Each structure stands twice: as C-alpha cells, then as structure tokens.
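Below: one structure, written as structure tokens.
Counting convention: from 1, in listed order, for ligands and their atoms alike. What you see is a predicted model, and the numbers here were worked out from it, not measured in a lab.
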Amino acid sequence: MKLILLGPPGAGKGTQAARIAERYSLAHISTGDMLRAEIASETPLGIRAKALIDEGELVPDEIIIGMVRNRIQQPDCENGFLLDGFPRTIAQAESLLTFSDIDRAVCIEVPDESIIDRMARRRVCPACKRTYSVDIDEGDEFYCSECGTRLAARDDDKPETVKHRLEVYAEQTFPLIDFFDGRGLLSRIDGNGAVEEVAQKIFDLFEEEDPYRGDDVDN
Ligand code: AP5
C-alpha cells in the first residue's frame with residue numbers, strides 16, 4: 001500500500017501516521033521529521049530549512065522532492081509507505097507521480113479553531129521525539145512519559161507562525177485535494193474526535209475496500 005496523508009498543520013497527520021504505519025507495516029515517511037533531523041545535526045540543509053520552518057514557510061520543492069525520491073528507494077519501503085507532509089504543492093505531487101504510483105490520499109479535515117488549540121497544547125520530547133497534547137492550565141513543565149526528558153514546544157508552533165502556516169496551507173497545499181480527487185485517489189476523514197476514534201475511521205476506510213486487510217492485527 002502506498003499512501004499519502006494530507007491535511008492542515010496540526011490535523012493529526014503524524015499521530016495517525018504512526019498508527020497506520022504500525023497496523024499495515026508501512027514505512028512512515030515524514031518530511032517534517034526528516035527536516036528536523038537535518039536541523040538537529042546542523043547540516044547545511046538543516047540550517048537553511050530552520051530559517052524557513054521557523055517562519056512557517058515551505059522548504060523549496062527541489063530539495064524535498066529529492067529527499068523523498070531517495071527515501072522511497074530504501075528497502076523498508078518495499079512493503080509500502082505512508083507519506084506524511086508530502087506532497088505539499090502541486091509541483092511536488094506532479095513530480096511524485098512520475099517516480100511512484102499511489103494507491104490513496106487520505107485528507108484529515110479539522111477546522112482552524114481546533115488546530116490553533118491543538119498547536120498551543122503540542123509538546124514534543126527532544127530526546128525520543130514523542131508528541132504529546134498537554135493541559136496548559138497545569139503550568140508549563142511537562143516530562144516525557146517514556147524517557148523523562150522535559151518536553152518542549154516546537155519553534156513553529158508560536159501562534160503567529162501557526163497563523164501563517166495555515167495561510168500557506170490554504171494557498172499551496174489545499175489545491176492538492178482537487179488534484180487527488182480528480183484522479184480518483186482521495187478520501188476525506190473527519191479529524192475531530194479522540195485520536196483512537198479517528199484512527200478507527202481510517203482503518204474502516206481501508207478495510208471496507210479490502211476486508212482481508214488488517215486480518216492479522218487486533219481490533
Ligand atoms: P510538518 O512537521 O510536516 O508540519 P505540518 O504538516 O504543519 O504538520 P504538523 O506536524 O504540525 O501536525 P500534524 O498534522 O502531524 O499533527 P500532529 O499529529 O503532530 O512540517 C513542518 C515544516 O517543515 C513545514 O511547515 C515546512 O516548513 C517544512 N516541510 C515539511 N514537509 C514539507 C514539504 N513537503 N514541502 C515543503 N516544506 C515542508 O498533532 C498535532 C497536535 O494535536 C499534537 O499535540 C497531538 O497530540 C494533537 N492531536 C492529534 N490528534 C488529535 C485529536 N484527534 N484530538 C486532539 N488532539 C489531537
């Protein structure tokens with residue numbers, strides 16, 4: 001299975017991608033995570049990407065397309081992959097379809113008000129990279145339940161940056177919904193509701209089409 005997860009910033013793509021990838025044994029390819037790894041290693045690409053990401057801008061198409069093209073040639077993608085955060089422009093989508101076929105693009109839909117709230121609550125473990133949604137009324141010190149490291153907010157989750165990311169999404173990424181719909185590849189999922197409820201809606205979508213898919217996993 002070769003999947004794309006679409007949706008605005010904070011829609012829950014990363015959260016759901018981890019569950020989908022585990023259930024169907026797919027390689028989870030997050031361009032955001034790949035860029036953050038470059039930033040952490042202070043590579044030339046990471047230094048350039050950080051300036052753009054912190055402003056809520058997209059990284060240039062040619063850089064991202066090259067990264068994904070190389071990544072999906074790795075052996076762990078032979079059983080299929082899940083693209084999280086790519087493509088994000090029409091140029092990326094058109095290029096992707098020249099070097100890979102795609103079975104389905106799932107768009108997770110969440111209104112802007114919920115996104116702003118989710119971003120305010122998001123904290124990430126700098127050590128093991130787990131993502132949390134915290135209760136901000138309980139103060140500003142939170143610790144990773146896995147490794148005990150103090151959690152941090154993402155630099156691009158500042159309210160003004162989130163607002164700009166939503167504008168960039170509307171302008172550059174939203175047109176991909178029509179792009180994939182026109183090719184008969186699009187499914188829409190309501191991203192409101194508890195994380196596990198949203199996950200179940202996505203699993204139902206795949207398993208209604210192929211009732212044997214997911215047979216070897218617990219429900
Ligand atoms: P990236 O990391 O991909 O950011 P994004 O697409 O904006 O998405 P997010 O990671 O912010 O959110 P998400 O949808 O994964 O939500 P999550 O599951 O974390 O990219 C970052 C930057 O890199 C971009 O801005 C750009 O600069 C650059 N970049 C990346 N890819 C690029 C590309 N292809 N081209 C060009 N530039 C690129 O959930 C969010 C929060 O909500 C969490 O706290 C989570 O716990 C919580 N949550 C999740 N689900 C629920 C739920 N159902 N109910 C309540 N809370 C929930």
[X]-[Y] side chain donor-acceptor pair, cut-off 3.5 Å:
| X | Y | answer |
| --- | --- | --- |
| Glu171 | Tyr169 | no |
| Ser25 | Asn79 | no |
| Glu38 | Thr43 | yes |
| His28 | Glu22 | no |

Subject >> Euclidean distance, Arg104 CZ relative to Leu205 CG, rounded to 0.5 Å >> reply: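 Leu205 atom CG to Arg104 atom CZ measures 5.5 Å (nearest 0.5 Å).
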Among protein heavy atoms, which sits nearest to [atom], and what does the distance come to when rounded to 0.1 Å?
| atom | value |
| --- | --- |
| atom 37 (N) of ligand 1 | Val59 N, 3.0 Å |
| atom 56 (N) of ligand 1 | Arg118 NE, 3.7 Å |
| atom 12 (O) of ligand 1 | Gly10 N, 2.9 Å |
| atom 16 (O) of ligand 1 | Gly12 N, 3.2 Å |
| atom 34 (N) of ligand 1 | Gly85 O, 2.8 Å |
| atom 10 (O) of ligand 1 | Arg154 NH1, 3.0 Å |
| atom 28 (C) of ligand 1 | Leu35 CD1, 3.6 Å |
| atom 19 (O) of ligand 1 | Arg122 NH1, 2.7 Å |

Taking distance alone, with no angle check, do [X] and ligand 1 share an N/O pair under 3.5 Å?
| X | value |
| --- | --- |
| Arg36 | yes |
| Ala194 | no |
| Glu57 | yes |
| Arg123 | no |
| Asp156 | no |
| Gly193 | yes |
| Pro87 | no |
| Thr15 | yes |

Original post:
Considering residues, nucleotides and ligands other than Glu109, do more than 12 of their heavy atoms fall under 6.0 Å from its CD?
Top reply: yes
Which heavy-atom pair separates [X] from [Y] by the least distance, and what is that distance?
| X | Y | result |
| --- | --- | --- |
| Leu186 | Cys107 | CD1-CB, 4.2 Å |
| Arg122 | Thr131 | CD-CG2, 3.7 Å |
| Gly46 | Ile39 | O-CG1, 3.3 Å |
| Ile72 | Ile29 | CG2-CD1, 3.6 Å |
| Thr149 | Pro126 | CG2-CD, 3.9 Å |

Original post:
Do any heavy atoms of Ala11 fall under 4.0 Å from ligand 1?
Top reply: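 The answer is yes: ligand 1 sits under 4.0 Å from a heavy atom of Ala11.
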Subject >> Heavy-atom gap Tyr169 to ligand 1 smaller than 4.0 Å >> reply: no
Original post:
Which of the listed options, Arg88, Arg165, Glu197, Met67, holds the heavy atom that is closest to atom 38 (C) of ligand 1?
Top reply: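 Shortest heavy-atom distance from atom 38 (C) of ligand 1: Arg88.
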**OP:** Give a yes or no on whether the ring-centroid distance for Tyr24 and Phe206 is below 6.0 angstrom.
**Re:** yes
**OP:** Show your reasoning for whether side-chain contact (heavy atoms from CB on, under 4.5 Å) applies to Leu96 and Ile102.
**Re:** CA-CA 9 Å; Leu96 170 66; Ile102 291 296; 3.9 Å; yes
Is the closest basic N to carboxylate O distance between [X] and [Y] below 4.0 Å?
| X | Y | answer |
| --- | --- | --- |
| Lys50 | Asp155 | yes |
| Asp204 | Lys201 | no |
| Arg165 | Asp156 | yes |

Run the numbers for me: atoms of ligand 1, each under 4.0 Å from some heavy atom of [X], listed by number.
| X | answer |
| --- | --- |
| Met119 | 11 (O) |
| Thr131 | 43 (C), 44 (O) |
| Val195 | 50 (N), 51 (C), 52 (C), 53 (N) |
| Pro9 | 5 (P), 7 (O), 8 (O) |
| Thr31 | 30 (C), 31 (N), 32 (C), 34 (N) |
| Gln92 | 33 (C), 34 (N), 35 (N), 36 (C) |
| Ser133 | 44 (O), 46 (O) |
| Gly14 | 13 (P), 15 (O), 18 (O) |

